[in-house]
Engineer: 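The structure under discussion is supplied below as structure tokens; questions concerning it will follow.
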There are 4 protein chains.
Amino acid sequence: MTQRKTAPDSSRRSQTSRRAILTSAFDLVAESGYGKLSIEAIAARAGVGKQTIYRWWPSKGAVLLDALLMLSEGQDEQLMALPDTGDLEADLKLVLHATVAELNDPRYAEPMRALTSELMHDPALAADYVERLDRPMQELKKDRLRSAQRAGQLAADLDLDVAVDLLFGPPLKRWLMHGGPLTDEYADAVVETALAGLRG
Amino acid sequence: MTQRKTAPDSSRRSQTSRRAILTSAFDLVAESGYGKLSIEAIAARAGVGKQTIYRWWPSKGAVLLDALLMLSEGQDEQLMALPDTGDLEADLKLVLHATVAELNDPRYAEPMRALTSELMHDPALAADYVERLDRPMQELKKDRLRSAQRAGQLAADLDLDVAVDLLFGPPLKRWLMHGGPLTDEYADAVVETALAGLRG
Amino acid sequence: MTQRKTAPDSSRRSQTSRRAILTSAFDLVAESGYGKLSIEAIAARAGVGKQTIYRWWPSKGAVLLDALLMLSEGQDEQLMALPDTGDLEADLKLVLHATVAELNDPRYAEPMRALTSELMHDPALAADYVERLDRPMQELKKDRLRSAQRAGQLAADLDLDVAVDLLFGPPLKRWLMHGGPLTDEYADAVVETALAGLRG
Amino acid sequence: MTQRKTAPDSSRRSQTSRRAILTSAFDLVAESGYGKLSIEAIAARAGVGKQTIYRWWPSKGAVLLDALLMLSEGQDEQLMALPDTGDLEADLKLVLHATVAELNDPRYAEPMRALTSELMHDPALAADYVERLDRPMQELKKDRLRSAQRAGQLAADLDLDVAVDLLFGPPLKRWLMHGGPLTDEYADAVVETALAGLRG
DNA sequence: GGATAACCGAGACGGTACGTCCGGTCTTACC
DNA sequence: GGTAAGACCGGACGTACCGTCTCGGTTATCC
């Protein structure tokens with residue numbers, strides 16, 4: 001079940017309130033951490049009644065998801081594609097550097113962490129997340145790999161989903177588990193090793 | 001600062017209560033999910049005063065971590081090593097199958113999910129987790145890879161930490177993000193692709 | 001500072017809950033004694049959230065005071081006067097008998113004891129008690145004495161506050177200190193002695 | 001049932017601890033009020049195990065009673081008598097002034113208030129209080145009145161218990177109920193009015 | 001003079017209640 | 001009908017004490 005509740009966006013809905021709620025949620029979690037993120041706090045900071053939140057979102061995780069989506073609302077229509085200079089390794093390193101930078105920037109990492117933590121206990125929200133954020137990203141990445149595959153730079157029988165996971169799973173593991181520093185050097189090592197294979 | 005509070009295990013401490021608390025926590029979360037896991041519920045089910053929990057653990061995440069550690073208390077001394085038949089690919093597939101099975105078994109997945117969600121918001125707990133659960137596991141895995149490296153089955157200059165992440169990061173990503181089915185076939189694909197490299 | 005918190009009685013306030021809380025408090029203390037009177041117990045018996053009590057009263061003593069005041073809410077407007085048959089001694093004995101009866105009736109004595117005990121440690125509550133219960137009573141008593149004074153039955157220069165204390169202080173002392181039986185005969189002796197003076 | 005538990009004073013009992021407990025209790029309540037008086041606080045301040053308190057006293061009220069009794073341990077044997085100059089009115093005013101001063105001195109009033117509040121809910125303690133503090137005082141006062149009665153200064157058929165209550169009940173009422181200032185002038189008025197009678 | 005038993009400080013234990021915070025529902029009064 | 005405001009019931013939080021219960025470590029009699 002996807003977040004139908006979010007969609008209707010009745011014409012009577014106050015866009016002012018919607019934006020105030022989303023930015024309040026995002027800012028609250030970025031400033032004070034997940035612990036301070038409560039529906040009451042969001043409503044208070046947004047100058048909004050609690051009911052206005054409950055009417056349009058099923059959980060604070062859903063608010064958070066919308067808040068993150070709002071950030072990329074500018075480049076909406078024409079979803080930006082990943083860089084394709086022909087040099088696959090360089091392009092991938094560039095993308096992973098960006099990913100690493102985002103995960104290390106508290107401003108984005110904290111809301112992301114909060115959302116991820118909600119995803120783990122809310123399958124409906126997780127499905128929504130996959131559909132609206134994760135899958136589009138995954139497709140973009142697969143597009144770049146497909147281009148390389150067509151150019152003969154990747155194995156012809158390569159499963160692109162696995163390939164994307166091989167590149168982006170390792171940084172995610174470090175980020176989640178705090179299992180070591182999350183640096184550009186690490187990202188480079190991941191790209192090089194994934195491309196060449198463990199056997200070298 | 002690691003969870004020193006957990007360690008001292010004063011001689012006055014009631015081992016009966018400790019065990020009751022840990023099994024209660026584990027069972028509660030396995031049966032009813034993370035939402036039902038409250039300190040009050042743990043104390044009630046364990047037949048213990050709340051203070052006895054607060055006295056020895058700083059958060060319910062710390063209780064959960066100890067609960068998971070208790071499960072592997074039997075094989076403490078002789079830390080089991082990973083299988084080493086000489087056939088690296090087969091051994092790794094075996095291990096990843098076990099990992100996948102664990103992540104798919106609600107009995108273990110639910111407590112793990114709960115703990116992971118706590119880790120994300122509690123750096124001290126995360127450090128403790130890394131030290132007491134993650135690093136030992138990581139070392140075991142590196143040991144197996146090192147053995148293969150010595151046998152010439154892996155690149156001589158391979159960074160083993162990166163290698164382990166390349167193998168275990170992808171399933172973790174799927175598990176966390178619900179970004180696709182987590183099957184033995186997927187595990188096999190990950191092992192094969194990681195060993196051969198994306199270039200094939 | 002008087003108990004302004006109690007007064008506003010915002011139009012949004014639930015009168016149902018208010019009454020349930022006051023009767024629950026009164027009944028609980030009457031049935032089970034002061035020891036069993038906790039905010040939690042009141043809330044539970046009244047079927048009310050604890051916050052609803054904390055929102056409107058600053059302490060359980062304040063609840064108790066309101067509960068006692070609620071009992072005399074019927075005869076609000078026309079504050080009943082003390083009997084005035086012209087026979088001062090008989091009238092006073094009647095009133096003291098009533099006082100003694102009330103102090104001996106567990107149903108009223110227990111809540112009164114509980115309230116008195118709270119008064120002793122809470123000056124704000126004590127001020128409120130004086131203003132809303134004690135002073136009105138005191139005035140009623142002084143009115144009756146004033147009437148007798150005008151009829152020449154009492155000394156012209158008599159301080160009526162002292163006079164009231166002389167009549168009602170002794171039973172209070174016995175009640176508080178358990179310093180002897182609190183009977184109608186005692187009340188009669190107090191009235192007679194006070195009127196005639198120790199010198200006789 | 002009287003406080004037998006207090007009496008045995010086994011020869012093995014530590015007098016150091018006993019005194020530390022009593023002075024700690026007295027000082028705690030005098031300094032921080034009744035609210036801060038807990039068995040734990042007494043034990044901590046006295047540098048004593050909680051069990052040592054529970055072993056010798058049945059409640060904190062009992063500790064308080066002993067603490068107050070300890071203060072008058074000096075003049076033990078020869079219980080001081082009330083002043084008897086022959087001038088009854090002057091003597092009584094002197095005694096009531098002393099009473100008023102004590103009730104107005106926070107150092108004594110606070111422990112007294114605390115004890116009184118305990119008495120109200122603990123009949124056994126109340127009985128003990130009457131026997132060990134109240135009755136002896138009452139007898140002293142009656143002795144002085146008896147002397148006056150013999151001298152013909154008081155009615156021959158006067159009930160001395162009632163007489164004492166008539167004199168000491170009114171200040172007690174004011175003290176308890178905060179129903180007006182408790183001054184020497186008030187004490188004088190009580191003595192004069194009680195002696196002369198309300199009729200003048 | 002060595003056993004032994006009561007007392008001691010300390011503090012963990014199972015509990016109860018505290019006063020606060022927030023979840024999610026409902027009502028009221030605008031607009 | 002959407003909204004800001006906020007009262008309401010419920011329930012968990014983390015803390016403070018309750019009274020009971022060991023645990024070692026002194027005493028301080030009694031054999």
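Just so it is clear: chains get the letters A, B, ... in the order the sequence lines come, proteins before strands, and each one is counted from 1. Heavy atoms only: backbone and side chains are in, while hydrogens, waters and symmetry mates are out.
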Engineer: Treating A:K60 as the side-chain partner and A:L37 as the backbone partner, does any N or O pair qualify as donor plus acceptor under 3.5 Å?
Structural biologist: yes
Engineer: Give a yes/no on whether any side-chain N or O of A:S17 is located under 4.0 angstrom from OP1 or OP2 of F:dG2.
Structural biologist: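 No, because none of the side-chain N or O atoms of A:S17 sits under 4.0 Å from OP1 or OP2 of F:dG2.
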Engineer: Nearest whole angstrom, please: distance from the C1' of F:dA16 to the CD1 of B:I53.
Structural biologist: 17 Å
Engineer: Should the pair D:D27-D:R107 be classified as a salt bridge under the 4.0 Å nitrogen-to-oxygen rule?
Structural biologist: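 The answer is yes: the pair qualifies as a salt bridge.
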Engineer: Report yes if at least one side-chain N or O of A:W56 is closer than 4.0 Å to OP1 or OP2 of F:dT3; otherwise report no.
Structural biologist: yes
Engineer: To the nearest Å, give me how far apart NZ (B:K60) and C1' (F:dG11) are.
Structural biologist: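 Going from NZ in B:K60 over to C1' in F:dG11 covers 13 Å.
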Engineer: Is any side-chain heavy atom of A:H178 closer than 4.5 Å to one of B:M120?
Structural biologist: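 With C-beta onward as the side chain, the pair stays apart.
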Engineer: Within the side chain of A:S117, is there an N or O that forms a donor-acceptor pair under 3.5 Å with the backbone of A:R113?
Structural biologist: no
Engineer: Less than 4.0 angstrom between a side-chain N/O of C:S14 and OP1 or OP2 of F:dA7, yes or no?
Structural biologist: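 False: C:S14 side-chain N/O out of range (4.0 Å or more) of F:dA7 OP1/OP2.
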Engineer: Take the protein atom CH2 of D:W57 and the nucleotide atom C1' of F:dC18, then report the distance between them rounded to whole Å.
Structural biologist: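 Taking atom C1' of F:dC18 as the reference, CH2 of D:W57 is at 18 Å.
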Engineer: Round to the nearest Å and state the distance from B:I39 atom CD1 to F:dA12 atom C1'.
Structural biologist: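 After rounding, the reported distance stands at 10 Å.
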Engineer: Taking CD1 from C:I21 and P from F:dC8, how many angstroms apart are they, rounded to a whole number?
Structural biologist: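 Taking atom P of F:dC8 as the reference, CD1 of C:I21 is at 8 Å.
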Engineer: Taking the nucleotide of DNA chain F with the closest heavy atom to each, which residue, C:V48 or A:T52, is nearer the 5' end?
Structural biologist: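 The residue whose closest nucleotide sits nearer the 5' end is A:T52.
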Engineer: 5'-most contact on DNA chain E: A:L37 or B:G49, nearest heavy atom basis?
Structural biologist: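 This one resolves to B:G49.
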Engineer: Please answer whether the main-chain N or O of C:V29 pairs with a side-chain N or O of C:S32 as donor and acceptor at a distance below 3.5 Å.
Structural biologist: no
Engineer: When you match D:A43 and C:A41 each to their closest nucleotide on DNA chain E, which lands nearer the 5' end?
Structural biologist: D:A43
Engineer: For A:K36 and F:dC13, give me the distance from atom NZ to atom P, rounded to whole Å.
Structural biologist: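 It is 16 Å, rounded to the nearest whole Å.
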Engineer: Just the rounded figure in Å: distance from C1' of F:dC8 to CD of C:Q15.
Structural biologist: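 In whole Å, F:dC8 C1' and C:Q15 CD are 14 Å from each other.
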Engineer: Would you call C:R45-C:E31 a salt bridge at under 4.0 Å N-O?
Structural biologist: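 Counted as a salt bridge, because a side-chain N and a carboxylate O are separated by less than 4.0 Å.
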Engineer: Provide, to the nearest angstrom, the distance between the CD1 atom belonging to D:I42 and the P atom belonging to F:dG19.
Structural biologist: 11 Å
Engineer: Let me have a per-nucleotide readout for nucleotides 20-31 of chain F, 5' to 3', with B, S or -, counting only protein heavy atoms under 4.0 Å.
Structural biologist: BBB----BS---
Engineer: Taking any atom closer than 4.0 angstrom to a non-hydrogen atom of chain C, what span of DNA chain E does the protein reach, first nucleotide to last?
Structural biologist: E:dA17 to E:dT27
Engineer: For a quick check under 3.5 Å, do C:Y129 and C:E118 share a side-chain donor-acceptor pair by atom type?
Structural biologist: no
Engineer: Decide yes or no for C:I53 and C:V48: does some side-chain heavy atom of the first lie under 4.5 Å from some side-chain heavy atom of the second?
Structural biologist: yes
Engineer: Going by heavy atoms in the side chains, are D:L22 and D:R19 under 4.5 Å from each other?
Structural biologist: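 D:L22 does not reach D:R19 side chain to side chain.
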